[in-house]
**Q** 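Below you'll find the structure I mean.
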Amino acid sequence: MVPARGPHRPGLRPHRPYGRHRELGYLLIVVPPNLQRAMITVVLRTLEAINRDRDSGAVRERIVRTAEYLAIGS
């Protein structure tokens, strides 16, 4: 048996306050399961719009524009 890590659930480390990550120099915190579920939701909504309307206009305001994408982390 693999011993549990952290006080919460097996395999997970305790959470640090987000401000502490910034103090340590992190610019981005990746929470893979959350990002994966969010991405799946957005992709499905976009595909539904394309299938229904033949373009992504219905969700276009939710899609990050190129300038916004390039400014991330600046």
Side-chain angles (χ1 to χ4, degrees):
M1 177 189 295
V2 177
R5 293 189 322 186
H8 304 292
R9 292 184 285 173
L12 295 179
R13 293 187 177 107
H15 291 285
R16 287 188 184 106
Y18 288 115
R20 179 66 180 132
H21 288 97
R22 183 176 297 277
E23 291 170 10
L24 293 170
Y26 290 93
L27 298 177
L28 177 67
I29 300 169
V30 177
V31 184
N34 293 356
L35 292 177
Q36 183 181 40
R37 287 192 305 270
M39 182 185 70
I40 289 168
T41 300
V42 173
V43 168
L44 288 175
R45 288 182 183 163
T46 303
L47 290 173
E48 288 168 357
I50 291 169
N51 188 47
R52 182 187 63 241
D53 305 331
R54 302 293 181 237
D55 68 34
S56 62
V59 295
R60 194 164 289 136
E61 72 278 358
R62 295 180 181 184
I63 297 173
V64 175
R65 300 187 187 290
T66 303
E68 295 169 23
Y69 170 74
L70 294 174
I72 293 172
S74 297

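Heavy-atom basis, side chains included; hydrogens, waters and symmetry copies ignored.
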**Q** Is there a donor-acceptor contact under 3.5 Å from the side chain of Asp55 to the main chain of Gly57?
**A** yes
**Q** Starting from Ile72 and following side-chain heavy-atom contacts under 4.5 Å between hydrophobic residues (I, L, V, M, F, W, Y), which residues can be reached?
**A** Val64, Tyr69, Leu70
**Q** Which residues pass the side chain to side chain contact (heavy atoms under 4.5 Å, CB included) test with Leu27, sequence neighbours left out?
**A** none
**Q** Nearest 0.5 Å, please: how far is OG in Ser56 from CZ in Arg62?
**A** 12.5 Å
**Q** Tell me, which pairs form a side chain to side chain donor-acceptor pair (under 3.5 Å) where one or both residues lie in residues 32-45, sequence neighbours left out?
**A** Asn34-Arg37
**Q** If I take atom CD from residue Glu68 and atom CD1 from residue Ile63, how far apart are they, to the nearest 0.5 angstrom?
**A** 11.0 Å
**Q** Could you please spell out the steps behind the side chain to side chain contact (heavy atoms under 4.5 Å, CB included) verdict for Val42 and Thr46?
**A** CA-CA 6 Å; Val42 173; Thr46 303; 4.2 Å; yes
